[in-house]
There are 2 protein chains.
Amino acid sequence: MEQDTETRIFEAARAVFVEQGFEGARMQEIADRAGINKALLHYYFRSKARLFEAVFRASAAEVLSQAATALRQDQPLPDRLTTFVHTYIDLIRANPHLPAFVLEELRRNPDALKAVVAEHTPGLLDALGRGIEDAVAAGRLRRIDPAHLLAHLIGLCIIPFIARPMLQTATQMDDAAYDAFLEARKEEVSTFIHRALVP
Amino acid sequence: MEQDTETRIFEAARAVFVEQGFEGARMQEIADRAGINKALLHYYFRSKARLFEAVFRASAAEVLSQAATALRQDQPLPDRLTTFVHTYIDLIRANPHLPAFVLEELRRNPDALKAVVAEHTPGLLDALGRGIEDAVAAGRLRRIDPAHLLAHLIGLCIIPFIARPMLQTATQMDDAAYDAFLEARKEEVSTFIHRALVP
DNA sequence: GTCTATAAAGGGATAGAC
DNA sequence: GTCTATCCCTTTATAGAC
């Protein structure tokens with residue numbers, strides 16, 4: 001019935017780190033949520049830094065692999081973009097703190113993600129580039145630098161999550177309205193991109 | 001020749017807080033950069049929290065007021081969007097750590113920005129909405145929800161800064177190439193938005 | 001493996017001399 | 001106003017019993 005202790009610790013740590021970041025997280029809180037004491041944290045994971053690293057790698061890998069997979073679908077590029085937008089926004093809606101978590105670590109330790117990025121997105125840009133060229137040849141797309149397209153995609157998808165309090169204040173939406181806004185964004189972003197890329 | 005002490009402290013604090021965030025910043029480091037000792041920090045600003053608050057309000061106000069001003073220009077909306085994109089990207093290029101700084105504080109204390117946002121962006125969305133309606137009536141734009149447009153604008157502009165290490169790794173650009181990428185992005189984002197909004 | 005108790009270090013804040 | 005010295009709390013990490 002109970003998971004083994006190591007898993008409980010890991011899940012508690014994930015929750016706390018994702019919410020509070022490395023600096024803000026407290027080992028005591030992780031221990032409390034896992035229902036054990038601090039000493040056991042160090043027994044299973046030598047230090048706070050190592051525990052964090054384990055959590056971060058797993059979270060980053062999950063996001064990157066899902067995103068990269070969506071971008072590699074065997075579809076014409078325009079359809080692939082729609083798939084990506086829907087997949088990515090749904091993924092983050094299920095874990096709304098994830099982007100800020102990853103971005104904060106990116107700032108604290110810019111090199112931390114490099115290995116994970118290199119591992120999960122090899123040739124991603126080339127695949128994107130080929131998809132663009134194919135679609136251009138088919139007359140379905142105007143040509144665009146794949147690096148810019150990748151940046152556009154990510155920026156349009158994550159901004160409502162990382163800047164939520166700001167956008168929600170500026171637009172004076174309540175939580176329900178903002179939820180609807182997020183849902184609507186899947187279609188909005190998809191059509192926005194498609195229209196921007198008509199030949 | 002020397003600025004007065006309070007200013008030196010404030011500038012040192014701004015640099016450290018913007019780079020490291022509240023939790024990551026050390027009063028000792030701020031004192032070192034200001035060329036004074038820790039006790040003086042508390043003499044001028046009672047606590048770390050107050051010092052941070054002063055820095056944060058100033059930084060947030062600067063970003064928001066410049067952004068809001070650009071969006072209120074007395075121009076047809078399509079031109080205003082171009083102005084905004086160029087202004088905003090240039091602003092952040094001069095202070096590349098600013099977005100992550102603001103976003104981290106947004107996460108640590110979601111309410112902190114509300115007052116500042118409310119102060120600097122009153123009626124911003126309405127102004128944007130009127131601009132859209134005017135341009136739609138003139139046949140220069142297709143209709144779009146101003147909230148989505150605002151999100152698009154911000155997301156497209158800040159993503160290359162907050163996700164820089166990730167994008168730079170995925171695209172394998174060196175620093176010079178990434179700088180060129182940022183410069184090119186002003187035109188790229190402008191045309192991307194304009195094309196997405198043709199009637 | 002799990003606990004209690006405690007060491008060790010870090011860092012914000014203050015006292016008090018000058 | 002500015003400094004040195006120090007307090008004291010928080011938090012990570014370890015020792016050692018069970």
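By convention in this document, chain letters (A, B, ...) are assigned in the order of the sequence lines, proteins followed by strands, and residues within each chain are numbered from 1. Small disclaimer: the values here were computed from a predicted structure and weren't measured.
Residues Gln168(A) and Asp175(A) bring a donor and an acceptor atom of their side chains to less than 3.5 Å of each other.
The residues Lys186(A) and Glu183(A) are annotated as salt-bridged, a charged nitrogen and a carboxylate oxygen being separated by less than 4.0 angstrom. Residues Arg26(B) and Asp32(B) are not paired through a salt bridge, judged by the lack of any N-O separation under 4.0 Å between the basic side chain and the carboxylate. Salt-bridge formation is detected for the pair Glu11(B)/Arg14(B): a Lys NZ or Arg NE/NH1/NH2 atom is positioned less than 4.0 Å from an Asp or Glu carboxylate oxygen.
One N or O on the side chain of Asp174(B) and one on the backbone of Ala177(B) form a donor-acceptor pair closer than 3.5 Å.
No cation-pi contact links Arg46(B) to Phe52(B), judged by a cut-off of 6.0 Å to the six-membered ring centre and 45° from its axis.
With sequence neighbours excluded, the residues satisfying side chain to side chain donor-acceptor pair (under 3.5 Å) with Glu19(B) are Arg33(B).
Sorted by first and then second residue, the side chain to side chain donor-acceptor pair (under 3.5 Å) pairs with a member in residues 140-151 of chain A read Glu133(A)-Arg143(A), His148(A)-Arg185(B); sequence neighbours excluded. Listed by first and then second residue, the salt bridge (Lys or Arg N to Asp or Glu O under 4.0 Å) pairs that reach into residues 187-199 of chain A come to none, sequence neighbours excluded.
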| task | Summarise protein proximity over nucleotides 8-13 of chain C in one line of letters, 5' to 3': B for base, S for sugar-phosphate only, - for none, counting protein heavy atoms closer than 4.0 Å. | result | ---SBB

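For Phe56(B) and Phe101(B), the distance between ring centers is under 6.0 angstrom.
Only at 4.0 angstrom or more do the heavy atoms of residues 10-21 of chain A sit from any atom of DNA chain D, so none qualifies.
Using a 4.0 Å heavy-atom cutoff across all strands shown, Leu41(B) reaches no nucleic acid atom at all. Contacts of Tyr44(B) with the nucleic acid, taken as non-hydrogen atoms under 4.0 Å apart, involve only primed sugar atoms and P, OP1 or OP2.
Counting 5' to 3', DNA chain D first comes under 4.0 angstrom of a heavy atom of chain B and last does so at the ends given by dG1(D) to dT4(D).
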